[in-house]
A.B. asks: 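To start, I am sharing the structure in question, which I have written as structure tokens.
When reading the values below, keep in mind they use all heavy atoms of this one structure, side chains included, and skip hydrogens, waters and symmetry mates. Start at 1 with the first residue, then count along the sequence. All values derive from a computational prediction rather than experimental measurement.
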Amino acid sequence: MAKRWISWLLCLTLLVGLAGCGDGIQQPDTTQPMHTTEQGESLAPTKETAGETQAEDFDVADEQDSKMDFSKYEEKKTKNSEKSTDAPSEQGEAQPETGTQKPAPGGSQSNQGVCYITISCEEILDNMDMLAPGREAFVPENGVILATSEVPFEKGETVFDILKRVTSDCGIQMEFSYFPIYESMYIEGIGNLYEKDCGSGSGWLYYVNGVKPNYGVSKYVLEDQDMVEFYYTCG
């Protein structure tokens with residue numbers, strides 16, 4: 001009988017020991033995610049729950065943001081925004097700036113101009129008694145040999161170039177010679193009326209825009225819209 005009790009006690013002791021060992025083994029918590037290091041080792045989750053960790057991180061970020069200086073970021077953001085407006089489009093065409101216009105084609109200045117020329121001997125009409133015999137046949141009734149005419153010219157042409165061309169085109173007689181002392185052409189006669197035909201001081205003068213130049217006709221370079229007049233004076 002005593003042996004039987006001893007056997008029951010041993011069995012009971014063994015069962016109690018086994019139960020204690022089972023309670024000491026810690027089972028992994030499948031409800032928490034495992035963290036892995038770069039070496040592949042798994043780390044147990046922290047004591048804080050996911051919700052608690054996110055809340056703490058958010059609070060820390062807000063606190064840091066309030067102390068940060070965003071001025072440099074805003075300046076960089078503005079510069080990037082300006083560059084984006086100048087960037088090429090998807091089709092490769094540059095975006096035009098607001099308010100700008102493309103230059104008009106053909107910006108170079110023209111090499112042509114227009115002048116107006118008149119040839120007159122009206123002063124002879126008041127001095128017919130001084131006119132050389134036989135020259136009265138060449139004096140028009142109104143004293144105008146060539147009414148004001150528009151003549152195109154090329155840049156760099158002179159008054160002499162225009163006179164020579166217009167008299168040739170209109171069939172008007174014109175005679176000239178070169179004066180070395182003035183290094184210019186001298187107009188001797190137009191329409192068969194020559195110097196000294198109506199007095200010792202008579203001859204041809206020329207004016208540009210109402211002013212008598214102080215140099216020869218082949219030295220005066222024309223400008224656009226110039227008014228040229230050849231005028232016979234009786235001295």
A.B. asks: For a 4.5 angstrom cut-off between non-hydrogen side-chain atoms, does Y220 reach V208?
C.D. replies: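 Yes, close enough: below the 4.5 Å cut-off.
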A.B. asks: Kindly write out the residues that satisfy side-chain hydrogen bond (donor to acceptor under 3.5 Å, both in side chains) with E123, not counting sequence neighbours, or none if the list is empty.
C.D. replies: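 E123: side-chain hydrogen bond (donor to acceptor under 3.5 Å, both in side chains) contacts with Y231.
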A.B. asks: Test your reading of the model: is there a side-chain donor-acceptor pair from D224 to the backbone of V114, 3.5 Å cut-off?
C.D. replies: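 Indeed, once roles are kept as given, a pair shorter than 3.5 Å links the two residues.
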A.B. asks: Please check if the side chain of E136 supplies one atom and the backbone of G134 the other of a donor-acceptor pair under 3.5 Å.
C.D. replies: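 Yes; judged by distance alone, with no hydrogens or angles, the pair exists.
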A.B. asks: How would you list, by chain and number, every residue that makes a side chain to side chain contact (heavy atoms under 4.5 Å, CB included) with E157, sequence neighbours excluded?
C.D. replies: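 Here the qualifying residues are F153, E154, D161, I162, R165.
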A.B. asks: Mind checking side-chain hydrogen bond (donor to acceptor under 3.5 Å, both in side chains) for N209 and listing every partner two or more places apart, or none if nothing turns up?
C.D. replies: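 For N209, the residues satisfying side-chain hydrogen bond (donor to acceptor under 3.5 Å, both in side chains) (neighbours in sequence not counted) are D226.
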A.B. asks: Taking the six-membered ring for Trp, are F176 and F160 closer than 6.0 Å centroid to centroid?
C.D. replies: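 Ring centroids of F176 and F160 are less than 6.0 Å from each other.
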A.B. asks: Run the side chain to side chain contact (heavy atoms under 4.5 Å, CB included) test against P152 and tell me which residues pass, sequence neighbours left out.
C.D. replies: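 Per chain and number, P152 pairs via side chain to side chain contact (heavy atoms under 4.5 Å, CB included) with no residue.
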A.B. asks: Give every donor-acceptor pair under 3.5 Å between a side-chain atom in residues 138-150 and any protein atom, sequence neighbours left out.
C.D. replies:
residue: N142; atom: OD1; partner: V144; partner atom: N; Å: 3.0
residue: T148; atom: OG1; partner: T118; partner atom: OG1; Å: 2.7
residue: S149; atom: OG; partner: A147; partner atom: O; Å: 2.8

A.B. asks: Enter the distance from D129:CG to L131:CG here, rounded to the nearest 0.5 Å.
C.D. replies: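 Answer rounded to 0.5 Å: 9.0 Å.
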A.B. asks: Indicate, with yes or no, if I190 and Y194 share a hydrophobic cluster defined by side-chain heavy-atom contacts under 4.5 Å among Ile, Leu, Val, Met, Phe, Trp and Tyr.
C.D. replies: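 In one cluster with Y194: I190, no.
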A.B. asks: Can you pull out every salt bridge (Lys or Arg N to Asp or Glu O under 4.0 Å) where at least one residue sits in residues 177-198? Sequence neighbours excluded, please.
C.D. replies: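 Counting only pairs at least two positions apart or across chains, the salt bridge (Lys or Arg N to Asp or Glu O under 4.0 Å) contacts touching residues 177-198 are R135-D197, E183-K219.
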